[in-house]
Amino acid sequence: MASTYRVKGDLICQVNRELEDGRFTISVLSVHRNREGKVLPEAYNVSFWNEDGTLRESTTVRNEWTRVGAFDLPTSHAAVTAAKDSYSNVRIELSNHRLAKAE
């Protein structure tokens, strides 16, 4: 797979990848930096194109995070996907985060 990347500072902002039957692009819309400065995905879009250049499918994702101890855990994951004959809007919410005690 041939890939190209767009980088801004220490972030990969876009990934373009060629496939056998087309291509796809991941575009980063926003990120969350935790206390240590590590990057967590906040919002991004993934689009797929056919070989002839027509758009096959596009999904936009939004993640939310919470800090529990020294860990960043997801509190929600939402994804909206549109394609030629379909549309979906899915949201998963996670709550009551806690860490298991070490044995």
Side-chain angles (χ1 to χ4, degrees):
M1 292 188 287
S3 300
T4 59
Y5 302 87
R6 288 186 177 216
V7 178
K8 184 176 183 181
D10 64 343
L11 295 175
I12 297 173
C13 298
Q14 189 175 72
V15 176
N16 298 292
R17 187 161 289 161
E18 297 292 327
L19 304 169
E20 288 182 20
D21 61 346
R23 63 185 172 91
F24 74 88
T25 298
I26 302 169
S27 299
V28 177
L29 305 171
S30 66
V31 297
H32 171 77
R33 287 194 185 266
N34 68 8
R35 285 186 215 158
E36 294 81 23
K38 304 251 181 186
V39 175
L40 301 170
E42 194 169 61
Y44 58 94
N45 175 271
V46 183
S47 297
F48 292 87
W49 286 270
N50 296 311
E51 283 182 280
D52 65 2
T54 56
L55 182 64
R56 182 184 323 158
E57 179 178 292
S58 183
T59 300
T60 300
V61 175
R62 171 98 167 114
N63 295 310
E64 295 177 358
W65 304 89
T66 189
R67 187 73 174 202
V68 179
F71 299 94
D72 298 291
L73 303 174
T75 57
S76 72
H77 173 85
V80 176
T81 301
K84 181 180 178 189
D85 295 318
S86 67
Y87 176 86
S88 68
N89 187 342
V90 176
R91 181 176 174 89
I92 298 169
E93 294 192 26
L94 305 161
S95 61
N96 198 22
H97 295 73
R98 57 186 178 271
L99 301 177
K101 294 184 180 185
E103 292 184 24

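Because the structure is predicted, anything quoted here is derived from the model rather than measured. No hydrogens, no waters, no symmetry mates; every other heavy atom, side chains included, goes into these values.
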Taking CZ in Arg98 as the centre, count heavy atoms belonging to other residues, nucleotides or ligands within less than 6.0 Å. Is the count above 12? no
To the nearest 0.5 angstrom, please state how far the CG atom of Leu99 sits from the CG atom of Leu73. 6.5 Å
Going only through I, L, V, M, F, W and Y residues with side-chain contacts under 4.5 Å, is there a path from Phe48 to Tyr5? yes
Decide yes or no on side chain to side chain contact (heavy atoms under 4.5 Å, CB included) for Leu11 and Val31, but give the supporting numbers first. CA-CA 9 Å; Leu11 295 175; Val31 297; 4.0 Å; yes
Work out which heavy atom in Thr59 is nearest to a heavy atom in Ala79; give both atom names and the distance. CG2-CB, 4.2 Å
Working to the nearest 0.5 angstrom, can you tell me the gap between Leu40 CG and Ser30 OG? 11.0 Å
Nearest heavy-atom approach of Thr75 to Trp65 is OG1-N, 3.8 Å
Shared ILVMFWY cluster between Val61 and Val28, side chains joined below 4.5 angstrom? no
Cluster check Tyr44, Phe24: I/L/V/M/F/W/Y, side chain < 4.5 angstrom: yes
Can you name the nearest heavy-atom pair linking Pro74 to His97, along with the distance? O-NE2, 2.7 Å
Hey, could you give me the NE2/CD distance between His32 and Glu64, rounded to the nearest 0.5 Å? 10.5 Å
More than 12 heavy atoms of other residues, nucleotides or ligands under 6.0 Å from CZ of Arg6: yes or no? no
Please lay out, stage by stage, how Arg17 and Arg23 fare under the test side chain to side chain contact (heavy atoms under 4.5 Å, CB included). CA-CA 6 Å; Arg17 187 161 289 161; Arg23 63 185 172 91; over 6 Å; no
Out of curiosity, Leu19 CG to Glu51 CD, how far, rounded to the nearest 0.5 Å? 10.0 Å
Quick check: closest heavy atoms across Val80 and Tyr87, and the distance to 0.1 Å? CG1-OH, 3.4 Å
For Ser58 and Asn45, work out which heavy atoms get closest and say how close. OG-ND2, 3.1 Å
When rounded to the nearest 0.5 Å, the distance separating CD of Glu18 from OG of Ser3 is 8.5 Å
Arg67, Arg33, Lys38, Arg35 screened by salt bridge (charged side-chain N to carboxylate O under 4.0 Å, His left out) with Asp72, the one that passes: Arg67
So, Asn34 side chain and Glu36 main chain: donor-acceptor pair closer than 3.5 Å or not? yes
Just checking, is any N or O donor in the side chain of Gln14 or Ser27 under 3.5 Å from an acceptor N or O on the other one? yes
For side chain to side chain contact (heavy atoms under 4.5 Å, CB included), just list the numbers for Ser86 and Thr81, CA-CA rounded to whole Å, side-chain angles, deciding distance to a tenth of an Å, and then say yes or no. CA-CA 8 Å; Ser86 67; Thr81 301; 5.8 Å; no
OG of Ser76 to CG of Leu94: how many Å apart, nearest 0.5 Å? 8.0 Å
Applying the 4.5 Å side-chain criterion to the ILVMFWY set and letting contacts propagate, would Val46 and Val15 be lumped into a single cluster? yes
